[in-house]
Amino acid sequence: MTEQDPNAMSEAEARAEFHQLDAQIAKADLDYHQKDAPTLSDAEYDRLKRRYLALAEAFPDLASEGARVETVGAPVASGFGKVTHAVRMMSLGNAFEDQDVEDFVAGLRRYLGFPPDAPLALTAEPKIDGLSLSLRYENGTLVQAATRGDGSVGENVTANARTIADIPQEIAGAPEVLEVRGEVYMSHADFEALNARHAETGGKIFANPRNAAAGSLRQLDAEITRARPLRFFAYSWGELTAPLAETQFEAIERFRSFGFQTNPLTWRCETIAELLAHYHSIEEQRADLGYDIDGVVYKVDDLSLQERLGFRSTTPRWAIAHKFPAELAWTRLDGIDIQVGRTGALSPVARLQPVTVGGVVVSNATLHNEDYIRGLDSKGAQIREGKDIRIGDWVQIYRAGDVIPKVADVDLKRRPEGASPYVFPTTCPRCNSAAVREEGDAVRRCSGGLICPAQAVEKLKHFVSRAAFDIEGLGAKQVEQFHADDWVKEPADIFELKEKYGSGMQQLKNREGWGDKSATALFAAIDDKRRIALARLIFGLGIRHVGEVAAKDVALHFRTWTALAEAADLARPAALAHRAADEAELLERQRAQAEDRRAKISEARKAAIATCEVAAEAQAAWDDLVSIDGLGPTVALSLSDAFANPEERAAFDRLVRHLKIIAPDAPAADSPVAGKTVVFTGTLEKMTRAEAKARAEALGAKVSGSVSKKTDILIAGPGAGSKATKAADLGIQTLDEDQWLELIGQA
DNA sequence: CAGCCTCGAGTTCC
DNA sequence: CTCGAGGCTG
């Protein structure tokens, strides 16, 4: 179809076409969002949208007549309310080989201090490939159903969950509050019947049962969900007001007594051999089960042990998923593109002939880094038997963890003639700066810093990302647009958008994809984030090595932006001295080969001397920084560099002028050890060290590895050595294990 | 000082 | 979700 240049059209012609497009797009949006059954290809949809916007731009009067102009490009409201889970929905660690399972069980024993012969029962059940759902019952009545979301916050899908036959509306004999967790899925038979029906009626064809289940549950119209054959297995729980049982297995049985479906292949195993036998048996039955599973989940059966084991940051220590081997597929590698990340990392991405792997069409795959392409791992050991990857090669693809496509193997027999090894670029493909690889590093990085447009825009994307400023309506796409047009070059610019470009919102509204509503919403969302938690701010700055956790720890330690900035300034000389000392050491090691060794050594000497001359207060500020748990010299140096870099510091200053920074909540003050720094030494007899640390931290204490004048309590078991002596010298309170347990009320 | 664990940074497709 | 690397433990 040929498109007439809008500028050469009469207004009447344009209006006719515009309204036709408006209706077409409206229908397509409805089909896509509400019915979950797209009637247009993405390409066709985009073409219509572009044409529509081109007309609106050429004839500004038209824009106000079009219902769609204002919503195009605006964030798609999810349509579901948000639900904060009372108890986080965790994910599971993975095991792939039998050995991983043995390691897992050995780890449990170690953590619990169990000898190898002590009984330790685990349950084993199929891992259903669906979506997890949390069902909240109050006084036996279903009051809320929520999807997993990011684990902390999910979507409220109560109305939809009520239409699922396997989910009881009322349960008898349950605790006052009970959150039942399990998996929503679709059986193979129902999935095929649904697709067959849709094939006839022109409805959406789903790629696999999992997508069908997800699409069906996330319907805005619950009546559509009702017509979809969804099922539910219960296997876990969240908030509870009374214990369900003493073991995992009994808890599952109670779910059944409440009227839930539970998986019949849930077994209780006494030994690793039994676990593995059950795994292999489930693997054999896999094709006949009638629903998709992707592995077997093992859980410690005894709930009191589960409680002792507790949680890591995202996974319980007491459970693991033993995954089935991944599905494989062969395809041709058409090319290798290089992406530039926010830290300048150059990441190679494989462009592939589209191929179906595990029910999904894959056309890109990560190649990690230079060495991975060459067939080596980080230690220089061979992977893929050392076979390198060349453009034009036939490669075997799998989806790691059923998600991320990766290259598993190369078929040398099918390698095209004349294919040459891939040459990894040594300059940045975006800004041409040198791309350097530090000794011992796996990645090559663009050295351009914020000069590099790729790095600048990735940093901005990070700034607006979910764990940072999380500005609704300002996602990656919008940031890219604004950056390309020089509207937003650094974070502070976001907070000046309204002032500069929002006048009557004419300028913003003139942009493709923005209308009255979306512009107003954006400015409101930005204003909303002028009040920001210190941790989010620190994380959002995108300082290398300072991720979400480190940012939280730093925020908790300093409490205010000013305190952090002052500490960074104060510690700078000590930070430099630290780096100089590192470099001195390195040079010292290299000195045999160094050509200009005299000069370098004298430099190193000077630096080493500088270490000694750093003012005591600078050293103290540095020590304070690295005393933060989990924050070592590398992270501290990176922080220091960021604050000492004049351009970066100026950008920080410009940014914080727009913000009201909120101090973190004070740590729990209701335990006797809250806010205290404790150190464990010697042998602990009632629990393992890891357990002791976890418990102390749960009570708001900070656990440190070494005794200093900041230490409040030393817990010394038998065999305590230098730490106990030092504590005595410093006059620090010293307790034995029993006294400690008494203090925290867990004797 | 080596091994273990956790965190950071990068990635895909829906 | 995975890999690499930083930091901590023993």
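All values derive from a computational prediction rather than experimental measurement.
Separating the CD1 atom of A:Ile543 from the P atom of B:dC7 is a distance of 18 Å, rounded to the nearest angstrom. The nearest whole Å value for the distance from the CG atom in A:Asn211 to the P atom in B:dT12 is 18 Å. The interatomic distance linking A:His368 (NE2) with C:dG4 (C1') rounds to 10 Å, in whole Å. A straight line from CD of A:Glu548 to P of B:dT6 spans 16 Å, rounded to a whole angstrom. The CD1 atom of A:Ile628 sits 12 Å away from the P atom of C:dG7 (whole-angstrom rounding). Straight-line distance from the CD1 atom of A:Ile338 to the P atom of B:dG10: 14 Å, rounded to whole Å. Distance A:Lys461 NZ to B:dG8 P: 21 Å, rounded to the nearest Å. Rounded to an integer number of Å, the gap from A:Arg445 CZ to B:dG10 C1' is 10 Å.
Annotation for A:Val297 and A:Lys127: closest pair CG2-CB, 3.7 Å, computed over non-hydrogen atoms. Considering all non-hydrogen atoms of both residues, A:Leu625 and A:Ala636 come closest at CD2-CB, 3.9 Å.
Atom NZ of A:Lys461 sits in a crowded spot, with more than 12 heavy atoms from other residues, nucleotides or ligands closer than 6.0 Å. For A:Glu97, the CD atom counts as loosely surrounded, since its 6.0 Å shell holds 12 or fewer non-hydrogen atoms of other residues, nucleotides or ligands. Remark: A:Arg374 CZ is loosely packed, at most 12 non-hydrogen atoms of other residues, nucleotides or ligands lying under 6.0 Å away.
Screening residues 349-377 of chain A for ring pair (Phe, Tyr, Trp, His ring centres under 6.0 Å), with sequence neighbours left out, gives A:His368-A:Tyr372.
Toward the 5' end of DNA chain C, the nearer of the two residues A:Leu631 and A:Lys406, judged by each one's closest nucleotide, is A:Lys406. In this structure, A:His462 and A:Asn364 both approach DNA chain B, and ranking their closest nucleotides by distance from the 5' end singles out A:His462.
Between the side chain of A:Asp393 and the backbone N or O of A:Val395, no donor-acceptor pair lies under 3.5 Å. In this structure, the side chain of A:Gln478 engages the main chain of A:Gly475 through a donor-acceptor pair within 3.5 Å.
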Under 3.5 Å, which N/O atoms of the protein pair with N/O atoms of nucleotides 3-5 of chain B?
none

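If you check every strand for non-hydrogen atoms under 4.0 Å, A:Ala550 touches sugar and phosphate atoms only. Residue A:Val362 is in sugar-phosphate contact alone, with no base atom involved, counting any heavy-atom pair closer than 4.0 Å across all strands shown.
Using a 4.5 Å heavy-atom cutoff, the side chains of A:Phe206 and A:His198 are in contact.
Between A:Ser363 and B:dC13 there is a side-chain polar atom (N or O) within less than 4.0 angstrom of OP1 or OP2. Phosphate contact (OP1/OP2 of B:dG10, side-chain N/O of A:Ser347, threshold under 4.0 Å): absent. For the pair A:Gln339 and B:dG10, the criterion of a side-chain N or O lying under 4.0 Å from OP1 or OP2 is not met. A close approach under 4.0 Å does not occur between any side-chain nitrogen or oxygen of A:Arg544 and OP1 or OP2 of B:dG8. Between A:Thr634 and the phosphate of C:dA5, there is no side-chain N or O to OP1/OP2 separation shorter than 4.0 Å.
Proximity note for A:Arg342 (side chain, C-beta onward) versus C:dC1, B:dA9, C:dA5: the nearest is B:dA9.
Residues of residues 94-101 of chain A having a heavy atom closer than 4.0 Å to DNA chain C, listed by number: A:Asn94, A:Phe96.
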*Between A:Ile397 and A:Lys406, is a side chain to side chain contact (heavy atoms under 4.5 Å, CB included) present by the stated rule, with each step listed?*
CA-CA 6 Å; A:Ile397 306 295; A:Lys406 296 182 62 168; over 6 Å; no
